[in-house]
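Shown next, in structure tokens, is the structure this report addresses.
This structure is a prediction, so every number in the text was calculated from the model and none was measured. Computed over heavy atoms, backbone and side chain alike; hydrogens, waters and symmetry mates excluded. Every chain is numbered from 1, with letters handed out A, B, ... down the list of sequences.
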There are 2 protein chains.
Amino acid sequence: MTHNNPPFPSADHDHKNCVSHALKNAEAYCQQQGLRLTKLRHQVLELIWANHQPVGAYELLDQLTHEGRKAAPPTVYRALDFLMENGLVHRISSRNAYVGCSNAGHEHTAQFLICESCGQVAELDNAQIGSVIAKGANQLGFTVAQWTLEISGTCDQCKHRSQDE
Amino acid sequence: MTHNNPPFPSADHDHKNCVSHALKNAEAYCQQQGLRLTKLRHQVLELIWANHQPVGAYELLDQLTHEGRKAAPPTVYRALDFLMENGLVHRISSRNAYVGCSNAGHEHTAQFLICESCGQVAELDNAQIGSVIAKGANQLGFTVAQWTLEISGTCDQCKHRSQDE
DNA sequence: ACTGTAATGTTATATTGTAACATAATGCAG
DNA sequence: CTGCATTATGTTACAATATAACATTACAGT
């Protein structure tokens, strides 16, 4: 049911389509859950997807303003709060930046590959990682509420690109 | 060789000893690596361990000032940079806070259990997690440079404490 | 239409982190 | 030991990120 974005989409992928797909997913999800995906929230979510890599809150604020909306920091942060609470957006805390979640409605976990070269982020959904984490934590009597895994490095494309030089 | 802090040390553990142990480790490590653990850096590291849970940079700044040192933000941040570069301290990015690293000199990876109730943090060193991550990333052609795993939840002690109420 | 709730607007400010340049301490070659 | 290069620290100013608090508007259900 969820859109399956390839990790690190190639430069020539159908970006417009991929954004609108994500939005349709979000709309459907909110509908189904009785969540109010207001115009503002929709707009912010669209901007996040359109950037297609982690965006800062103040960058979103600028973009909102350019789209003609009157906005201040709380405008953006409140929209982000809503989107995060409902699993439509993740925060990459090592970068103070936000990305669209490719499988809305999932648990509150996230795994990111962050390419230091091109800045793109791919979201993983590796069940094995999840289960190993759960196991490790439980052994210590720790009850897991949520977690984030942020992996920095170099993506395949950038590796090849640098070899070409 | 490294001090093996139990995850989530009990309230009655020998705190003073545990701090001085960590400092001795750090001193030895720096000696051996030819790193300059200056007075300032030593002082900051000591404060971090003394807090024994994630501390913010400005909190450290306050504490430094109370110890009579003239300090401004860069004072702290530079010490933190040094300590992090050399694996003596980790940054918990989901909290903008810093903790002592229980096994200095390790790779640039970190796994934290963060108790939402008592605020304490335990550092894991689960090799299985590391290898699953490496494997998952490599499958996508991604070269891992470093990673952080931040797990929020409730520690064993807090779980029992809340049952007693 | 009326009303309570949820969402947004607005202003001000808190918190976290850096840039840039000046001064002081340290290690080392001669 | 002296001067020199390097590294560390002091100092001032500011950038970037995030929230508090209160006013206003929109909305859903009656």
In a table with atom names and distances, give each donor-acceptor pair under 3.5 Å that connects a side chain of residues 30-38 of chain A to protein atoms at least two apart or in another chain.
residue: A:T38; atom: OG1; partner: A:R41; partner atom: N; Å: 3.4

Exercise. Between B:T38 and C:dA25, is there a side-chain N or O to OP1/OP2 distance below 4.0 Å?
Worked result: no
Exercise. For D:dT17, does either OP1 or OP2 sit under 4.0 Å from a side-chain N or O belonging to A:R95?
Worked result: no
Exercise. When the nearest nucleotide of DNA chain D is assigned to A:G56 and to B:F82 on a heavy-atom basis, which residue is associated with the more 5' position?
Worked result: B:F82
Exercise. Where along residues 66-74 of chain B does a heavy atom fall under 4.0 Å from DNA chain D?
Worked result: B:R69, B:K70, B:A72, B:P74
For this session: To the nearest Å, give me how far apart CD (B:E59) and P (C:dG17) are.
Result: 12 Å
Exercise. Within this structure, what is the CG-to-C1' distance between A:L61 and D:dT17, rounded to whole angstrom?
Worked result: 11 Å
For this session: Say whether B:I151 and B:I114 are linked into one hydrophobic cluster, either directly or through other cluster members, by side-chain heavy-atom distances under 4.5 angstrom.
Result: no
Seminar exercise, completed: Between OH of A:Y77 and C1' of C:dA14 the distance, given in whole Å, is 12 Å
For this session: Could you tell me which residues satisfy side-chain hydrogen bond (donor to acceptor under 3.5 Å, both in side chains) with A:R69, sequence neighbours excluded, listed by chain and number?
Result: A:Q43
For this session: Would you mind classifying the nucleic acid contact of B:R91 as base, sugar-phosphate or nothing, using non-hydrogen atoms under 4.0 angstrom?
Result: sugar-phosphate
Exercise. Quick one: is B:N96 getting a side-chain N or O under 4.0 Å of the C:dG17 phosphate, OP1 or OP2?
Worked result: yes
Exercise. Rounded to the Å, how far apart are A:L60 CG and D:dT17 P?
Worked result: 11 Å
For this session: Classify the side chain of A:Y58 and the base of D:dA18 as holding, or not holding, a donor-acceptor pair under 3.5 Å.
Result: yes
Exercise. Applying the side chain to side chain contact (heavy atoms under 4.5 Å, CB included) test to B:V89, which of B:V99, B:L45, B:D81 qualifies?
Worked result: B:L45
Seminar exercise, completed: In B/S/- notation (B base, S sugar-phosphate only, - none; protein heavy atoms under 4.0 Å), nucleotides 22-30 of chain D written 5' to 3' is -----S---
For this session: Check the distance between C:dA14's P and B:D62's CG and give it to me in whole angstrom.
Result: 15 Å
For this session: Taking the side chain as every heavy atom from C-beta outward, state whether B:L40 and B:R78 have any atom pair closer than 4.5 Å.
Result: no
Problem set entry | Distance, rounded to the nearest Å, where A:I92 contributes CD1 and D:dT17 contributes P | 14 Å
Problem set entry | Hphob cluster co-occupancy, A:L124 + B:I129, side-chain heavy atoms under 4.5 angstrom | yes
For this session: Verify side-chain contact (heavy atoms from CB on, under 4.5 Å) between A:L80 and A:L60, making sure each step is shown before the conclusion.
Result: CA-CA 10 Å; A:L80 288 172; A:L60 289 169; 4.1 Å; yes
Exercise. Between A:L45 (CG) and C:dA7 (C1'), how many Å, whole number?
Worked result: 17 Å
For this session: Could you tell me whether the side chain of A:L23 reaches within less than 4.5 Å of the side chain of A:H42, counting heavy atoms only?
Result: yes
Donor-acceptor pairs are to be reported for all side-chain atoms of residues 133-150 of chain B against protein atoms at under 3.5 Å, with residues two or more places apart or in another chain.
residue: B:N138; atom: ND2; partner: B:A134; partner atom: O; Å: 3.1
residue: B:T143; atom: OG1; partner: A:K159; partner atom: NZ; Å: 2.9
residue: B:E150; atom: OE1; partner: B:S94; partner atom: N; Å: 2.9
residue: B:E150; atom: OE1; partner: B:S94; partner atom: OG; Å: 2.4
residue: B:E150; atom: OE2; partner: B:S93; partner atom: N; Å: 3.0
residue: B:E150; atom: OE2; partner: B:S93; partner atom: OG; Å: 3.1

Exercise. Which whole-number value in Å describes the distance from A:L37 CG to C:dA6 P?
Worked result: 18 Å
Problem set entry | Closest listed nucleotide, where the reference is the side chain of B:L40 and the choices are D:dG10, D:dA18, C:dT8 | D:dG10
Exercise. Can you list the residues that meet the side-chain hydrogen bond (donor to acceptor under 3.5 Å, both in side chains) rule with A:Q53, with sequence neighbours excluded?
Worked result: none
